[in-house]
Asker: 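One structure is given below, represented as structure tokens, and several questions about it will come after.
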Amino acid sequence: MKDQLQELLTKCVQDLISKGILKEMPSKIRIDHTKDNSHGDYATNIALMLSKQAKMSPVELAKIIIDQFEQKNFIKKIEIAGPGFINFFISQESSSSIVNEILAQAASYGCSDIGQGKKVLLEYVSANPTGPLHVGHGRGAAYGATVSNLLRNAGFIVDNEYYVNDAGRQMDILTVSIYLRYLTICGEDLRFPDNGYQGQYINDIAQGIYETSGQKFHLKSDLVFENVCRDGTEGGDKEVHIDQLIEKAKSILGDGFKAVFEVGIESILSGIKNDLAEFGVVFEKWFSEQSLIDSGLSESCISKLKDSKNLYEKDGALWFKTTNYGDEKDRVVVRDNGNHTYFASDIAYHLEKLNRGYDKIINVWGADHHGYIPRVKASIEALGHNSDKLEILLVQFANLYRGGSKAQMSTRSGSFVTLEDLRAEVGNDAARFFYILRKSEQHMDFDLDLAKSKTNENPVYYIQYAHARICSVFKQADEKELELDVSQANLSLLTEEIEKDILRELSRFRSVLESSAIQYEPHQLAYYLRDLSNHFHSYYNACKFIVDDKNLTQSRLALINATQQILKNGLSILGVGAPESM
RNA sequence: GCGCCCAUAGCUCAGCUGGAUAGAGCAACGGCCUUCUAAGCCGUAGGUCAUACGUUCGAAUCGUAUUGGGCGCGCCA
């Protein structure tokens with residue numbers, strides 16, 4: 001309907017151009033759903049936009065446009081209103097046909113092909129595998145998964161990917177943390193380093209190693225701590241302290257160090273996978289950072305950059321001249337100790353992504369990484385690709401409040417609320433919905449007490465309740481042996497104001513999906529579903545659906561059946577269930 | 001100091017890329033269950049869209065400056 005109007009209007013403007021009344025096509029011709037139904041069903045501001053080039057007042061121009069406009073029978077009325085808006089009123093028959101469309105296409109109603117089968121790689125979460133996911137990661141997970149659903153629904157082919165940072169120093173710290181806990185279980189008396197990972201999960205992993213391997217890795221703690229400098233709180237340097245512990249453990253443990261590491265990362269990763277799967281977040285691929293080093297891609301990227309004169313040496317380290325590509329300072333890719341930086345892996349990773357032939361690469365990052373964007377784009381350009389292919393979506397932090405004060409979320413200290421805890425407390429549906437309800441670039445206050453204690457006030461239930469209520473109506477209809485037969489429904493009987501409102505609301509669904517997908521804004525869909533539910537609840541209170549008049553009953557059941565379908569389709573994209581009863 | 005994000009009702013947030021009288025949810029107040037689920041509905045109240053200029057037919061939306069908050073500015077990841 002909207003598309004048809006758009007076409008007609010475009011043609012109309014073209015005709016006026018050929019008549020010499022208008023000079024040139026505007027960059028876009030907009031037809032919008034109206035906010036206020038006294039303004040009709042659709043409106044355009046075209047006359048306001050073009051009044052200047054036509055050298056006449058918007059109202060005059062609007063008149064000319066309407067005269068030129070090809071009248072169709074689905075248009076009941078065209079009006080000029082306000083400063084020069086053109087409002088279109090759609091005929092009752094035509095606007096109620098949306099119900100038939102929805103019921104005919106059912107679960108696939110709302111799908112589109114605006115993506116034209118373009119291939120998209122969507123990377124998100126990618127939390128370091130040093131511990132369970134916390135509530136901060138949940139936002140990225142819910143957001144990424146929903147964007148993925150939206151894009152798929154819009155005809156893009158989407159691969160979801162999780163980048164696993166399984167290389168580097170933090171993995172060593174993780175391993176040492178586990179190992180020291182293991183030694184404690186073996187009966188050693190030792191002091192746990194300040195910089196170690198302190199969560200209970202570390203103890204659990206250590207316990208697991210003890211149970212399967214017994215004393216196999218047991219060494220005297222005196223040996224491990226021999227010649228290691230003092231820790232931070234003992235007046236030493238906590239970074240040096242832990243680095244020396246790592247070196248010590250590696251040298252005396254040999255292959256055992258790797259064995260402990262393998263058990264540790266396997267345990268943590270499977271926990272993360274499980275957690276996300278239960279949250280309805282599924283990745284096609286888990287990409288290992290280590291694999292970039294093992295395959296030599298990381299090394300070959302550095303060679304390429306070296307060959308293209310993008311690297312230089314300073315203070316014993318190898319620097320990438322990212323300032324040539326708009327970064328504010330140059331970045332180190334190889335440290336003076338010979339180790340590659342995280343950035344070096346990331347260069348290789350992005351090159352690898354590009355080589356896989358995607359049309360678009362999207363990274364969802366925490367907003368704290370925004371300063372990282374120029375250097376990654378720089379690396380893409382330097383390796384001869386177009387950095388526009390990479391789109392980075394930033395998600396702001398969720399500030400966690402508990403008991404009215406901000407809760408800390410540090411993995412290192414182990415004092416955080418896990419995503420798993422949150423899901424257990426508020427449920428997957430509420431958590432998914434709550435996370436995407438806010439625009440991603442908005443800071444978000446997540447009040448745990450509110451989310452946990454007052455779950456009934458969570459807006460997700462409002463929508464689910466609307467769905468359940470409709471199911472309940474059909475249950476009633478069933479008992480009265482009424483069956484919905486759309487072909488029997490005379491939709492022109494839907495003349496109540498609220499019924500027209502719902503028809504208008506239903507007709508918006510497609511454009512909401514399109515807009516949410518293109519702008520990567522799931523919250524638009526969430527707000528839409530809330531509005532639709534609101535209209536339905538009003539309808540429910542204002543009118544009875546199952547009435548003596550059989551024809552009217554059929555039409556009303558058809559209308560709420562279509563509403564139910566839209567709620568279901570929308571919730572499914574949000575990754576939220578549509579319960580039949582509550 | 002420089003860069004990015006943000007500022008809308010008492011609180012938490014929308015506002016469809018510049019449009020018509022700025023909206024919703026909580027919280028407050030007043031109504032609605034002998035009727036398909038009251039996790040609901042209807043109504044009332046609540047605003048200098050941080051501030052000041054500017055751009056134009058028209059600004060919460062765009063530009064500049066200021067104020068106030070978040071984040072970033074490692075040979076960490």
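Here is the naming used below: chain letters follow the sequence lines, and residue numbers restart at 1 for every chain. Predicted model only: the values in this text are computed from it and were never measured.
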Asker: Categorize A:Tyr540 for me: base, sugar-phosphate, or nothing, with a 4.0 angstrom heavy-atom threshold over every strand shown.
Answerer: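 Since a base atom lies under 4.0 Å of A:Tyr540, the category is base.
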Asker: Please test A:Glu239 against A:Asn195 for side chain to side chain donor-acceptor pair (under 3.5 Å), starting from the C-alpha separation and ending with a verdict.
Answerer: CA-CA 7 Å; A:Glu239 302 292 345; A:Asn195 243 4; 3.2 Å; yes
Asker: Closer than 3.5 angstrom, by distance alone: can the side chain of A:Arg504 be matched with the main-chain N or O of A:Gly40 as a donor-acceptor pair?
Answerer: yes
Asker: In whole angstrom, give me the gap between the C1' atoms of B:rC57 and B:rC16.
Answerer: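 Per the computed distance, 22 Å lies between those C1' atoms.
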Asker: Taking 5.5 Å and 30° as the limits, would you call A:His39 and the base of B:rA20 a stacked pair?
Answerer: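 It does: the ring sits over the base of B:rA20.
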Asker: Using a heavy-atom cut-off of 4.0 Å across all strands, would you classify A:Asp336 as base, sugar-phosphate, or nothing?
Answerer: base
Asker: Which one, B:rA14, B:rA38, B:rG3, comes nearest to the side chain of A:Glu328?
Answerer: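 So the side chain of A:Glu328 is nearest to B:rG3.
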Asker: Is the backbone of A:His134 close enough, under 3.5 Å, to the side chain of A:His137 for a donor and an acceptor to pair up by distance?
Answerer: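 It does hold such a pair.
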Asker: Quick one: pull up CD in A:Glu123 and CD1 in A:Ile392 and give me the separation to the nearest 0.5 Å.
Answerer: 9.5 Å
Asker: With the side chain of A:Tyr462 defined as its heavy atoms from C-beta on, choose the nearest nucleotide among B:rA38, B:rC36, B:rC41.
Answerer: B:rC41
Asker: Mind telling me if B:rC33 is syn or anti? Syn here is a glycosidic angle within 90° of 0.
Answerer: syn
Asker: Is there a side-chain contact between A:Gln442 and the phosphate of B:rU12, meaning an N or O under 4.0 Å from OP1 or OP2?
Answerer: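 So the side-chain polar atoms of A:Gln442 never come under 4.0 Å of the phosphate oxygens OP1 or OP2 of B:rU12.
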Asker: Which nucleotide in the set B:rC76, B:rA14, B:rC41 lies at the smallest distance from any side-chain heavy atom of A:Asn541?
Answerer: B:rC41
Asker: Of A:Glu441 and A:His33, whose nearest nucleotide on RNA chain B comes first from the 5' end?
Answerer: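 On the 5' side of the pair lies A:Glu441.
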Asker: For nucleotides B:rA22 and B:rU67, find the distance between their C1' atoms and express it as a whole number of Å.
Answerer: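 One C1' to the other, the span is 24 Å.
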Asker: Is any side-chain N or O of A:Arg530 closer than 4.0 Å to OP1 or OP2 of B:rG15?
Answerer: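 So the side-chain polar atoms of A:Arg530 never come under 4.0 Å of the phosphate oxygens OP1 or OP2 of B:rG15.
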Asker: Heavy atoms under 4.0 Å, any strand shown: does A:Ala468 hit a base, just sugar-phosphate, or nothing?
Answerer: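 A:Ala468: base contact, heavy atoms under 4.0 Å.
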Asker: Rounded off to whole Å, could you give me the CG-to-C1' distance for the A:Asn339 and B:rG74 pair?
Answerer: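 Answer to the nearest Å: 15 Å.
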Asker: A:Ser472 side chain: which of B:rC36, B:rC76, B:rC75 is closest?
Answerer: B:rC36
Asker: Any side-chain N or O of A:Thr341 below 4.0 angstrom from OP1/OP2 of B:rA77?
Answerer: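 Checking A:Thr341 against B:rA77: no side-chain N or O falls below 4.0 Å of OP1 or OP2.
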Asker: Determine the Euclidean distance between corresponding P atoms of B:rG23 and B:rG68; express it in Å to zero decimal places.
Answerer: 32 Å
Asker: Measuring only the P atom in each nucleotide, how far is B:rC4 from B:rG46? A whole number of Å is fine.
Answerer: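 B:rC4 and B:rG46 have their P atoms separated by 40 Å.
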Asker: Nearest to the side chain of A:Arg438, heavy atoms from C-beta on, is which of B:rC13, B:rC75, B:rA77?
Answerer: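 Comparing B:rC13, B:rC75, B:rA77 against the side chain of A:Arg438, the answer is B:rC13.
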Asker: Check whether the side chains of A:Asn87 and A:Glu79 place a donor and an acceptor atom closer than 3.5 Å, and report yes or no.
Answerer: no
Asker: Has A:Phe85 got its ring stacked on the base of B:rA20, with centres under 5.5 Å and planes less than 30° apart?
Answerer: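 Stack criterion met.
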Asker: If you measure from the C1' atom in B:rA39 to the same atom in B:rG25, how many Å do you get, rounded?
Answerer: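 Going atom to atom, C1' in each nucleotide, I get 14 Å.
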Asker: Is the charged tip of A:Arg375 near the ring of A:Phe320: under 6.0 Å from the six-membered ring centre and within 45° of its axis?
Answerer: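 Here A:Arg375 fails the 6.0 Å and 45° test against A:Phe320.
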Asker: Quantified in whole Å, what is the P atom distance between nucleotide B:rG15 and nucleotide B:rA9?
Answerer: 15 Å
Asker: Touch check for A:Leu48, heavy atoms < 4.0 angstrom, all strands: base, sugar-phosphate only, or nothing?
Answerer: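 Base contact.
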Asker: Which is true for A:Thr34 with a 4.0 Å heavy-atom rule: it touches a base, it touches only sugar-phosphate, or it touches nothing?
Answerer: nothing
Asker: Could you pick out which residue, A:Arg508 or A:Ala81, lies toward the 5' side of RNA chain B when each is mapped onto its nearest nucleotide?
Answerer: A:Arg508
Asker: Could you tell me how the ring of A:Trp319 sits relative to the ring of A:Tyr312: parallel (under 30°), tilted (30 to 60°) or perpendicular (over 60°)?
Answerer: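 Correct class here is parallel.
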Asker: Which is true for A:Ala466 with a 4.0 Å heavy-atom rule: it touches a base, it touches only sugar-phosphate, or it touches nothing?
Answerer: nothing
Asker: Quick one: is A:Lys35 getting a side-chain N or O under 4.0 Å of the B:rG19 phosphate, OP1 or OP2?
Answerer: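 No.
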Asker: If you measure from the C1' atom in B:rG3 to the same atom in B:rU44, how many Å do you get, rounded?
Answerer: 48 Å
Asker: Taking only side-chain N and O atoms of A:Asn534, does any of them lie within less than 4.0 angstrom of OP1 or OP2 on B:rC41?
Answerer: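 So the side chain of A:Asn534 is within the cut-off, an N or O lying under 4.0 Å from OP1 or OP2 of B:rC41.
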Asker: For A:Asn324 and A:Asn310, test the side chains for any donor-to-acceptor distance below 3.5 angstrom and give the result as yes or no.
Answerer: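 No pair is found: no donor N or O on one side chain lies under 3.5 Å from an acceptor on the other.
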Asker: Under 4.0 Å from OP1 or OP2 of B:rA38: is there any side-chain N or O of A:Arg469 that close?
Answerer: yes
Asker: Mark yes or no: A:Arg508 above the aromatic ring of A:Tyr528, with NZ or CZ under 6.0 Å from the six-membered ring centre and no more than 45 degrees from the axis.
Answerer: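 Checked: cation-pi criterion not met.
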Asker: Below 30° counts as parallel, above 60° as perpendicular, anything between as tilted: where do the rings of A:Tyr163 and A:Tyr349 land?
Answerer: parallel
Asker: If you go through the side-chain atoms of A:His369, does one of them form a donor-acceptor pair with the base of B:rG72 closer than 3.5 Å?
Answerer: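 Such a pair does not exist between side chain and base.
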Asker: Nearest to the A:Tyr527 side chain among B:rC41, B:rA14, B:rC75, which nucleotide is it?
Answerer: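 Nearest listed nucleotide: B:rA14.
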Asker: Considering all heavy atoms of both residues, which atom of A:Ala430 and which atom of A:Val426 are nearest to each other, and what is their separation?
Answerer: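 Closest approach of A:Ala430 to A:Val426: CB-O, 3.3 Å.
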Asker: Starting the side chain at C-beta, find the nucleotide from B:rA20, B:rC75, B:rC42 nearest to A:Ala43.
Answerer: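 Minimum distance to the A:Ala43 side chain belongs to B:rA20.
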Asker: Do the side chain of A:Asn45 and the base of B:rG19 come within less than 3.5 angstrom through a donor-acceptor pair of N or O atoms?
Answerer: yes
Asker: Categorize A:Asp531 for me: base, sugar-phosphate, or nothing, with a 4.0 angstrom heavy-atom threshold over every strand shown.
Answerer: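 No contact.
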Asker: Please report the distance, rounded to the nearest Å, between CG in A:Leu174 and C1' in B:rA77.
Answerer: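 Nearest whole value for this atom pair: 14 Å.
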Asker: Does a side-chain N or O of A:His443 approach OP1 or OP2 of B:rC13 to a distance below 4.0 Å, or not?
Answerer: no
Asker: Regarding A:Cys471, tell me which of base, sugar-phosphate or nothing describes its non-hydrogen contacts under 4.0 Å with the strands shown.
Answerer: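 No contact.
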Asker: In whole angstrom, what separates A:Gln524's CD from B:rG15's C1'?
Answerer: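 It is 10 Å, rounded to the nearest whole Å.
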Asker: Base, sugar-phosphate alone, or nothing: which one does A:Tyr372 contact when heavy atoms must sit under 4.0 Å apart?
Answerer: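 The residue A:Tyr372 makes base contact.
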Asker: Could you please name the option among B:rU21, B:rA77, B:rU56 that lies closest to any side-chain atom of A:Lys52?
Answerer: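 Closest of the options to the side chain of A:Lys52: B:rU56.
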Asker: Counting only distance, no hydrogens or angles, is the base of B:rA20 paired donor-acceptor with the side chain of A:Asn87 under 3.5 Å?
Answerer: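 Such a pair is found, so the answer is yes.
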Asker: Between the side chain of A:Ser515 and the main-chain N/O of A:Ser511, is any donor-acceptor distance below 3.5 Å?
Answerer: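 Checked: no pair found.
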Asker: Runs of at least three consecutive Watson-Crick or G-U pairs, both distances under 3.5 Å, are what I'm after; which ones involve RNA chain B?
Answerer: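 Listed by first number, the stems are B:1-5 with B:69-73, B:10-13 with B:23-26, B:28-32 with B:40-44, B:50-54 with B:62-66.
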Asker: Taking 5.5 Å and 30° as the limits, would you call A:Phe545 and the base of B:rC36 a stacked pair?
Answerer: yes
Asker: Report which part of the nucleic acid A:Lys475 touches: base, sugar-phosphate, or nothing (heavy-atom distance under 4.0 Å, all strands).
Answerer: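 If one applies the 4.0 Å heavy-atom cut-off, A:Lys475 turns out to touch nothing in the nucleic acid.
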Asker: To the nearest angstrom, how far is A:Ile373 atom CD1 from B:rC4 atom C1'?
Answerer: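 That distance rounds to 8 Å.
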Asker: With respect to the phosphate group of B:rC4, does any side-chain polar atom (N or O) of A:Gln396 fall under 4.0 Å of OP1 or OP2?
Answerer: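 Looking at the OP1 and OP2 atoms of B:rC4, neither is under 4.0 Å from any side-chain N or O of A:Gln396.
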Asker: When rounded to the nearest Å, what value does the distance between C1' atoms of B:rA45 and B:rC6 take?
Answerer: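 Between the two C1' atoms, the distance is 29 Å.
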Asker: By nearest atom, which of the nucleotides B:rG15, B:rG19, B:rU21 is closest to the A:Met49 side chain?
Answerer: B:rG19
